[in-house]
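Have a look at the structure below before the remarks.
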Amino acid sequence: GTSALSANTTSKGTTLLVYGSEFGKGDKYRAMDNDGVGAVVQSDRRGANEPDFKSFSNKPIIMKDYYEVSGSDASRIGWVEISGEGGQSGYLWYLKAEADTRSRFTDYLEMAMIEAEKTVANSVIGFANKQIRGAADAGADGAGTEGLFAAIESRGNVTSGVTGVNAATDLAEFDAILAEFDKQGAIEENMLFVNRATSLAFDDMLASMNSYGAGGTSYGVFNNSEDMALNLGFSGFRRGSYDFYKSDFRYLNDKATRGGINDRAGSAAIRGVIIPAGVSSVYDQALGRNLKRPFLHVRFRASATDNRRMKTWVTGSVGASTSALDAMQLHMLTERCLVVQGANNFMLMK
């Protein structure tokens, strides 16, 4: 019948979800009243479904760094013994600087995969006497790559909580996150990587569910010993059909990196990310077959000839003796990009 639709008199029309139609015995066609004035038009309901295919791509970036020490300094033995994070030790002072250069480079690699942005179309970045231009298509052939935060901003979900202040102050605000996940892939297990303030807000939210924790004396079940150390934190919880595992994200707290940026960003500060756990199936064009990959992983350029995951080589006349340069040059290079599969299942917390 049409009585349920007759009340709609708007000019925009109505979108209907057809989940099934009844046909008469032996009928090939079904009568449909399409012209609105009573004329019956026969329509064929045998139309086929045509799936839509959408692909996403990211461009790897080349990153380089190098360290150089003269032959004279490399042969100088000091009186102070050094030790580095990479296991360097001895009385050669340049080993300390070399180790620090490696550490700085690996930090850059991680930061680039998190913070990188693709260039804006036709953009120009100028410094000194040089310029970097963004291609007209902004990303396919242009500079830059899509880091974690940019990928979630572009293809994922962003929340600042129901009140617009914090996404973890009470269950009502957190349930809004679950409602959004229900619209997406509804992946059961998720990782929470959050800064210090948000981590404590989660702990307080969960503790408030304990009627004996109102005074801040108990967040769980203990032996009530006078010598016990209270554990006032939570590493995970389950809400609805979702499991969440919480971990502090040092990068968001470090004042030398995102922690310092967040102090100046105000309401736009990033407080954490929610990342689905497990793996998903993806078609690898290079290998020509489906592979299981984590939702978040890093891809490198590599072949039988050259693996660009993390290349290091030494040139000069010190040690390697590859040139007439009276110095040792340590070169580092990588070509990589971050892959965020199913970004609609990720959540950026601001």
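Numbering starts at 1 and runs along the sequence shown.
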Do [X] side-chain atoms and [Y] backbone N/O form a donor-acceptor pair below 3.5 Å?
| X | Y | value |
| --- | --- | --- |
| Thr145 | Lys59 | yes |
| Thr257 | Tyr251 | yes |
| Asn253 | Asn195 | no |
| Arg271 | Lys350 | yes |
| Ser154 | Ala150 | no |
| Arg155 | Asn344 | no |

Within one Ile-Leu-Val-Met-Phe-Trp-Tyr cluster: [X] and [Y], side-chain cutoff 4.5 Å:
| X | Y | value |
| --- | --- | --- |
| Met328 | Leu333 | no |
| Leu252 | Phe193 | yes |
| Tyr66 | Leu325 | no |
| Phe300 | Tyr108 | yes |
| Leu338 | Ile274 | no |

(message) side-chain contact (heavy atoms from CB on, under 4.5 Å), that's the test. Do Leu200 and Arg196 meet it? Break it down for me.
(response) CA-CA 6 Å; Leu200 295 177; Arg196 179 67 63 194; 4.2 Å; yes

Search all heavy atoms of [X] against all heavy atoms of [Y] and return the closest pair with its distance.
| X | Y | result |
| --- | --- | --- |
| Pro60 | Glu335 | CB-CG, 4.0 Å |
| Asn345 | Phe181 | O-CE2, 3.6 Å |
| Thr334 | Arg309 | OG1-O, 2.6 Å |
| Phe295 | Ala277 | CE1-O, 3.6 Å |
| Met347 | Ile152 | C-CG2, 4.1 Å |
| Asp73 | Tyr94 | O-CD2, 4.4 Å |

Any chance you could measure [X], atom [atom1], to [Y], atom [atom2], to the nearest 0.5 Å?
| X | Y | atom1 | atom2 | value |
| --- | --- | --- | --- | --- |
| Leu109 | Met111 | CG | CE | 11.0 Å |
| Met63 | Arg308 | CE | CZ | 13.0 Å |
| Tyr245 | Leu192 | OH | CG | 11.0 Å |
| Lys246 | Phe202 | NZ | CZ | 8.0 Å |
| Glu180 | Thr159 | CD | OG1 | 9.0 Å |
| Met191 | Ile275 | CE | CD1 | 8.5 Å |

(message) Surrounding CZ of Arg104 (heavy atoms of other residues, nucleotides or ligands, distance under 6.0 Å), is the total greater than 12?
(response)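 Yes, CZ of Arg104 has more than 12 neighbouring heavy atoms, counting only those of other groups under 6.0 Å.
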
(message) Can you tell me if Arg301 has over 12 outside heavy atoms packed within less than 6.0 Å of its CZ?
(response)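 At most 12 heavy atoms, drawn from other residues, nucleotides or ligands, come within 6.0 Å of this atom.
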
(message) Do Asn58 and Glu146 pair up side chain to side chain, a donor and an acceptor below 3.5 Å, judged on atom types alone?
(response)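 Short answer, no.
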
(request) Quick one: list whatever passes salt bridge (charged side-chain N to carboxylate O under 4.0 Å, His left out) with Asp100, sequence neighbours left out. (result)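 Here the qualifying residues are Lys96.
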
(message) For Lys311 and Lys64: C-alpha separation, side-chain torsions, deciding distance, then whether side-chain contact (heavy atoms from CB on, under 4.5 Å) applies.
(response) CA-CA 9 Å; Lys311 294 181 59 176; Lys64 299 179 181 180; over 6 Å; no

(request) Run the ring-centre check on Phe174 versus Tyr242 and record whether the distance is less than 6.0 Å. (result)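 Phe174 vs Tyr242: aromatic centres not under 6.0 Å.
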
(message) Walk me through whether Ile177 and Phe244 qualify under side-chain contact (heavy atoms from CB on, under 4.5 Å).
(response) CA-CA 12 Å; Ile177 298 176; Phe244 294 93; 5.5 Å; no

(request) Could you check if a side-chain atom of Thr101 sits within less than 4.5 angstrom of a side-chain atom of Leu330, using non-hydrogen atoms only? (result)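 Thr101 vs Leu330: side chains apart.
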
(message) Within the structure provided, determine whether Val69 and Glu98 are in side-chain contact (heavy-atom separation under 4.5 Å).
(response)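 Val69 does not reach Glu98 side chain to side chain.
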
(request) In sequence, state the C-alpha distance, the side-chain angles, and the governing distance for Thr198 and Phe249, and then conclude on side-chain contact (heavy atoms from CB on, under 4.5 Å). (result) CA-CA 10 Å; Thr198 305; Phe249 196 176; over 6 Å; no

